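Report on the following structure.
Please read all numbers here as calculations on a predicted model, not as lab measurements. Here is how names work: the chains are called A, B, and so on, in the same order as the sequence lines, proteins then strands, and each is numbered from 1.
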2 protein chains.
Amino acid sequence: MKSLEDVAKLAKVSTATVSRALSRPDMVAEETRKRILAAVEELGYQPNRLARSLRQRSSRSLGLIITDILNPFHATVAKGVQDAAEKHDYTVFLFNTDEDPEKERRALNVLRGHLPQGLLIVPTPRTRENLKLVANLPTIELDRESGTPGAHSVMVDNIGGARAAIEHLTALGHRRIGMIVGRLDITTAVERHQGYRDGLAAAGIPYREELVLPGNHREEGGRIAAHALLSRPPGERPTALFVGNNEMTVGAVLAARELGLRIPQDLSIVGFDDSRWARTMQPALSVVAQPEYDIGFLACETLLSLLRHGKAMQPVRIRLATNLIVRDSTAPPGHISQP
Amino acid sequence: MKSLEDVAKLAKVSTATVSRALSRPDMVAEETRKRILAAVEELGYQPNRLARSLRQRSSRSLGLIITDILNPFHATVAKGVQDAAEKHDYTVFLFNTDEDPEKERRALNVLRGHLPQGLLIVPTPRTRENLKLVANLPTIELDRESGTPGAHSVMVDNIGGARAAIEHLTALGHRRIGMIVGRLDITTAVERHQGYRDGLAAAGIPYREELVLPGNHREEGGRIAAHALLSRPPGERPTALFVGNNEMTVGAVLAARELGLRIPQDLSIVGFDDSRWARTMQPALSVVAQPEYDIGFLACETLLSLLRHGKAMQPVRIRLATNLIVRDSTAPPGHISQP
DNA sequence: TTGAAAGCGCTAACAA
DNA sequence: TTGTTAGCGCTTTCAA
């Protein structure tokens, strides 16, 4: 690796001048600058970011901690973050927690050593505690909230989205609507559950606990919960299912198939979170779509602007709208009599 | 941030001793070490990795450059890499090129400034040239080859996988088998094409150029190519399609649907690369599965072992086996007469 | 507009 | 076994 000194020698100036030529060009004479840039070019010089960061006591980098890189939702969020960061010449350190608070803790500790300027994080249930490891690091929470007082966040309108899904179903005439909710220690699940209740209330349908089952946010959890709900006696079985995230929706669809229920004739399904899978499934799935990419992009832009303008601001809490996309998995109930 | 000096003061030793206590514990007296660790604990000290790396002139980090984080194949490879890296306490810098050589160049330049110890890269068509930016950086190519002489690589047996797919189809009785091949400037596409030819040859079926169409590795490219192949006159239309990657397979299935072709009655399809989509599609898709996770994990392990044992070794070229999974998208041709 | 010099936090000779 | 010291490559006073 070439260093500033190599460039300085070649351009016959001091290292200080080279440094200025690169980071504050207006402080260097036109003439000198040209000479320096030529030398940089000739040597293929790239600044050593470690040295720069060490000296400046902060690096042009951000941490990004997500819970599941294999989930297309998170992968897309990550892409939004990366694109925004790259635009501003920031490097992103990506960590994956698999929803494991212990992995999150480790990630935060490693991250700390890299002196990032800020952090974007999809919280786990212990994030509030873990964030103490990086106190004072400007942080934005994505998708969910950790409950940290004064935290910034970028989320979607989960309540409104869930409510829209339920209103769509009640408008079709469904009265017995089941929900596969996520883990109730994750705010998105709680909010979507709230939207479900609101939607029922708006249609004057009483809330029935036995129609709501938790799932672990994975395909298998959705499958098991759906099996339980759909195995209820004929008159008790939900005619429609609202599923709290993309992975569990896959499980629910598989369960319906295993039980020989046709969608939408025997069962209507609305999932949360769109995906190619939902789009190309047969029948194509009605879903509450989220602006995943925007969540990441906007969160990153917001964080960077927080960094620029000092962080003595009010907490930023952004809620993006969701979008109900009606496809072919929803129809009036009893379209064809139940088996 | 606390520094070594803070710890040293608290433990009443020199910074050098603290440094040793942390990185070479056996060089420090039991007694002293305990005192130091207590101080570390009390202060919540985390080493500044920038300073350490600057001093050691190399950081405990690796670069990972993939072409499309939104493609589950790549996301899974990335996860394999991350898991292996984490196991050895390495940090991964992840960059995404979107198959754009210019973005790749920028990524390499930024990466360079972070002094990574090694690089894992899914090449683009200009990687061979771009890699000059990081000459001497131990590098392993994943999934594809850039053509750099002496390069290390971890790939799958594309020829064998494709051949197995074709043999499966010919065994079912297909004679007119179309292929949607990828971009021929990417080695995987070339190899899968070769496997296709080999498979045909093994069954004594002549190769027909007009049955092979390129695609751009995206869903839309697959759709367009499939449309063209499947719109041929009845007696000329392929009875089976072999598609060169996961994204294009989605497009091919959509095209078949648009044309009213039933799978597998009217058309058999085999895709390359498994996915949840392929598994839960109806009919479930027959595919050549790749060990995505293992590609990443093994490549990372290999890179780290290269780093440990010096790099004066022979080029490492690992080929992992693929696995033909027969599901419901393949059947004998003319099962039901063509429309 | 430029240069000299100090120092970011750490590690690694070398000395004790 | 421990401490002293120099220095990784850069930025940033301060002085010229």
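In this model, the phosphate group of C/dT11 is approached by a side-chain N or O of B/Ser19 to a distance below 4.0 Å at OP1 or OP2. Note on A/Thr17: a side-chain N or O is less than 4.0 Å away from OP1 or OP2 of C/dG3. For A/Thr15 and D/dT11, the shortest distance from a side-chain N or O to OP1 or OP2 is not below 4.0 Å.
In this structure, the CG atom of B/Leu115 is 14 Å from the C1' atom of C/dC10, given to the nearest Å. In this structure, B/Glu5 places its CD atom 11 Å from C1' of C/dC10, rounding to the nearest Å. Taking atom CD1 of A/Ile36 as the reference point, atom C1' of D/dC10 lies 15 Å away to the nearest angstrom. Here C/dG3 presents its C1' atom at 14 Å from CG of A/Leu4, a figure rounded to the nearest Å. Counting to the nearest Å, the C1' atom of D/dC8 and the CG atom of A/Asp6 are 13 Å from each other.
The side chain to side chain donor-acceptor pair (under 3.5 Å) test with B/Gln117 is passed by exactly one of B/Ser61, B/Ser58, B/Ser59: B/Ser58.
If you check distances only, the side chain of B/Arg57 never reaches the base of D/dG9 with a donor-acceptor pair under 3.5 Å.
B/Met1 comes within 4.0 angstrom of no nucleic acid atom, judged by non-hydrogen atoms across all strands. Within 4.0 Å of A/Ser3, counting heavy atoms only, lie sugar-phosphate atoms of the nucleic acid but no base atom. Backbone-only contact: A/Ala29 has heavy atoms under 4.0 Å from sugar-phosphate atoms and none from a base.
A heavy atom closer than 4.0 Å to some atom of DNA chain D occurs in A/Tyr45, A/Pro47, A/Asn48, A/Ala51, A/Arg52, A/Arg55, A/Gln56, these being the qualifying members of residues 42-56 of chain A.
Between the side chains of B/Asn130 and B/Glu104, at least one donor N or O lies within less than 3.5 Å of an accepting N or O.
For A/Ser14, the listed nucleotide lying nearest its side chain is C/dG3; candidates were D/dG9, D/dT4, C/dG3.
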Seminar exercise, completed: Intra- and inter-strand pairing of DNA chain C, written as dot-bracket with Watson-Crick and G-U pairs under 3.5 Å and | for the latter, reads ||||||||||||||||

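Among residues at least two apart or in separate chains, salt bridge (charged side-chain N to carboxylate O under 4.0 Å, His left out) pairs with a member in residues 38-51 of chain B are B/Arg49-B/Asp89.
Considering all non-hydrogen atoms of both residues, A/Leu119 and A/Leu303 come closest at N-CD2, 3.7 Å.
Ring orientation note: the planes of B/Phe93 and A/Phe93 are tilted relative to one another, at an angle of 30° to 60°.
Using a distance-only test at 3.5 Å, with no hydrogens or angles considered, no donor-acceptor pair links the side chain of A/Arg33 to the main chain of A/Asp26.
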